[in-house]
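Order of the sequence lines fixes the chain letters, A, B, ..., with proteins taken first and strands second; residue numbering starts at 1 for each chain.
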Number of protein chains: 2
Amino acid sequence: MEVIIRSHFLHSPPLSILSSFSSLQLSAPRCIMMNTQKQGRSKFLEFPFVSAPHKNLLVDLVTTIEDRFQSNLLPCSLPPHVQHYKNKSDTSQISLQITPGNNDSPIDFVMGSWVHAELPTGGLLDITSLSAYLNTSNDAPNFVFDLIRSSPTMLIFFLDLLPRKDLVLCPDYLKTFYDDTKLDTHRQTLENLSEVQPYLSSSLFYRAMASPTAIFVRISTENDGGDRIDEIIRNYLDPITKQVLGIWLDHCACAKRELGEEERASLGKRDCVIRNKTIEYDLGSSFPRMFGPEAAKEILEAIKEYFFMKT
Amino acid sequence: MEVIIRSHFLHSPPLSILSSFSSLQLSAPRCIMMNTQKQGRSKFLEFPFVSAPHKNLLVDLVTTIEDRFQSNLLPCSLPPHVQHYKNKSDTSQISLQITPGNNDSPIDFVMGSWVHAELPTGGLLDITSLSAYLNTSNDAPNFVFDLIRSSPTMLIFFLDLLPRKDLVLCPDYLKTFYDDTKLDTHRQTLENLSEVQPYLSSSLFYRAMASPTAIFVRISTENDGGDRIDEIIRNYLDPITKQVLGIWLDHCACAKRELGEEERASLGKRDCVIRNKTIEYDLGSSFPRMFGPEAAKEILEAIKEYFFMKT
C-alpha cells in the first residue's frame, strides 16, 4: 500500500503544459468541452465509495480552495479518460481533477483524486487525496492531504505543508511557516488519541521531503464496523485538516514573498527534483498494482507527458 | 530535559581555533600540559555514574574511533575547568573531551562528554554523548550519539548520521549514505521492542536536521531496578551503535569525495548554520539548568569563544 499512498504526489504538471492542453481542447466544440469538464468535476465530487464524514471533509476542502481562488483557477482540462478511469473488470477506478492557476495566481495547480479498488484479499481500498502546489513566484510550502481507508477500522492519514526549501539552511522559513503557525499542535492533538500511531513511509526520500510537523499516522480501531473511525474523522481529522488548510491559505498561498531570479531558479530546480522523483516511484509501482499493467500504462503515459515535457 | 539532550551539539570548534588553543598552551610547561590532557581523558573514560553495559559501550566507541584515526587526532586542549567541571554543591558535573583532527585528516573534531546531575525531584540524570564531525574536505554525514538515562527504567537514545546536504536536492547522497548502507534496518530492529517508542524533539529545527533513518526513541521498562534497560543496552543499543559507527567509519569518514571550491563553501555555510543554531538553543537553556546560571556562564563563555571566533 505504501506505493499507493505516494500517488498523491503525481501532481506536478507545469502551468505551461496545462495551458497547452487547454489550448488544444479549445478547438473542440465548446459545449463538449464544458460537458466534459462538468462531468469530470461532478464525478470527482461524488466521492461515492467513502463514508459521509470522509466525503464531507473532502468536499469542504475542495470548495474552500475553489471559493478562495475562484477566478484564478482554470477548469480541469485533462483528457476524459484520465479524469475518470475504470478498469474492465470494474474492480478499480480513479477520478482525477487538476485545476491549474492562471497567470496572475501564485497557484501552480490544485489536484484532487480518489481511487477505489477491490483488493485481491477481498477488502476494499479507498484513497482520497488533495494537494495544492504553488508556482515559483512564491516559495511558501505546498499543501498535501491523503486519507486512505484500507478497511472499516483502518486509516492512514497524511497531512503536511511540504517545505520547498532546505529547512536547515533557512531557519527563518522554518520559523515563519512551521513554528509561528503552531502547526505542531495539530499533530500533538491527534497523537494523544490511543488509536493513533506514527506511521513511517518506507521511502527515505518521502521522509526527507516531509516537514518536521507532518502528520503521518496509522489509525486503527476495534472491530465496530467503522463507527469509531468515522467519529475520529468527524471530530479530529476534519477540524485539524481545515485548520491546516486555513494556515496554508492565509500564511502560505497568500504570502508576499520577494524572490530574486536566482532564488526562483533554485526553487524551480528543487520543485522539479521532487516531482521527477515522485514519478519515478509512482509510475513504476502503484498504478500498475491498482489498474493492472495495461490499463495503468494508458493512464500513466498521459500523465508522464506532463512531467517529461516539463524540463 | 529536551534542552539537555541538545547539549551534544555543542561540538563545533573549528580546527583553526583549536590549534590556537594548542599554541597558547605550548607556552605552559610541557609536563603540566600533558598531565592536564591525561587527567581530563582519564576522568572522561571513567564514566563513573552509569551502569557497566552503558560504560562499556561508550569506552568501546571512543577507543574504536581513536584506534582508527590514531595519529590523525590531536590531544584535547580544552582548558582544565572546561574538561571537567563540578558545581559548588556537587550536584552536577560535566566531563568534556574534544580531539580535533590534524591537517591531513577528514575529521574536524571528535567530541565526547558525560553529564551527571541530581534533579530537583531527587532523581539522577546521566547524559553520555559522542559525536564525530568531518571538515569540508568531505561532505559525508557526521556521527552523533546520545544516551540519556533519567531513571533506572527510562532511557532516551539518539543515534544518527547527520546529513550535511539537503537530501531532497541530493537523492544520490541519500542513496549512498542511507539507502545503500541499509541504515534503516537498525531503527526497525529497535522499534520492534515493546519497550521502545518513537521520541520527537520539541525543536522543529532538530527534527529538520536529523536524517530519515535517525533513531530517536524513548525506552521505558517496568520497575525492575534497571535490569531490563541494561539488557536492552547490552543486547540492542550496543551492537546497533557499533554497526552504525562502523558504517560511518567505513562509508563516511573514509569516503573519497571530490568537492569543488563552491561545494566546500556551501557545505561550510550549512555546517555553520547548524553549529550556530545549536549554540543558540543550548547556551540559553540546558547548561544554566544543569549548573546554575553562574557556573554555566563560566563554562559556556569558554565554549562560546570557539563558535563566535569561527566565522
*Look at B/T213, B/D184, B/V273, B/L183 and state which one has the largest set of heavy-atom pairs under 4.5 Å with chain A.*
B/D184

*Given that the side chain runs from C-beta out, which part of A/R164 has a heavy atom under 4.5 Å from chain B: side chain, backbone, both or neither?*
neither

*Taking only heavy atoms into account, what residues of residues 165-175 of chain B are found under 4.5 Å from chain A?*
B/D166, B/L167, B/V168, B/L169, B/P171, B/L174

_Part of residues 248-260 of chain B lying next to chain A, heavy-atom separation under 4.5 Å_ = none

_chain A interface, residue from B/S211, B/A210, B/A208 that has the most non-hydrogen pairs under 4.5 Å_ = B/A208

*More than 12 non-hydrogen atoms from neighbouring residues, nucleotides or ligands closer than 6.0 Å to NZ on B/K242, yes or no?*
yes

*Flag the one option from A/Q197, A/K269, A/R270, A/Q188 with the top tally of heavy-atom pairs under 4.5 Å to chain B.*
A/R270

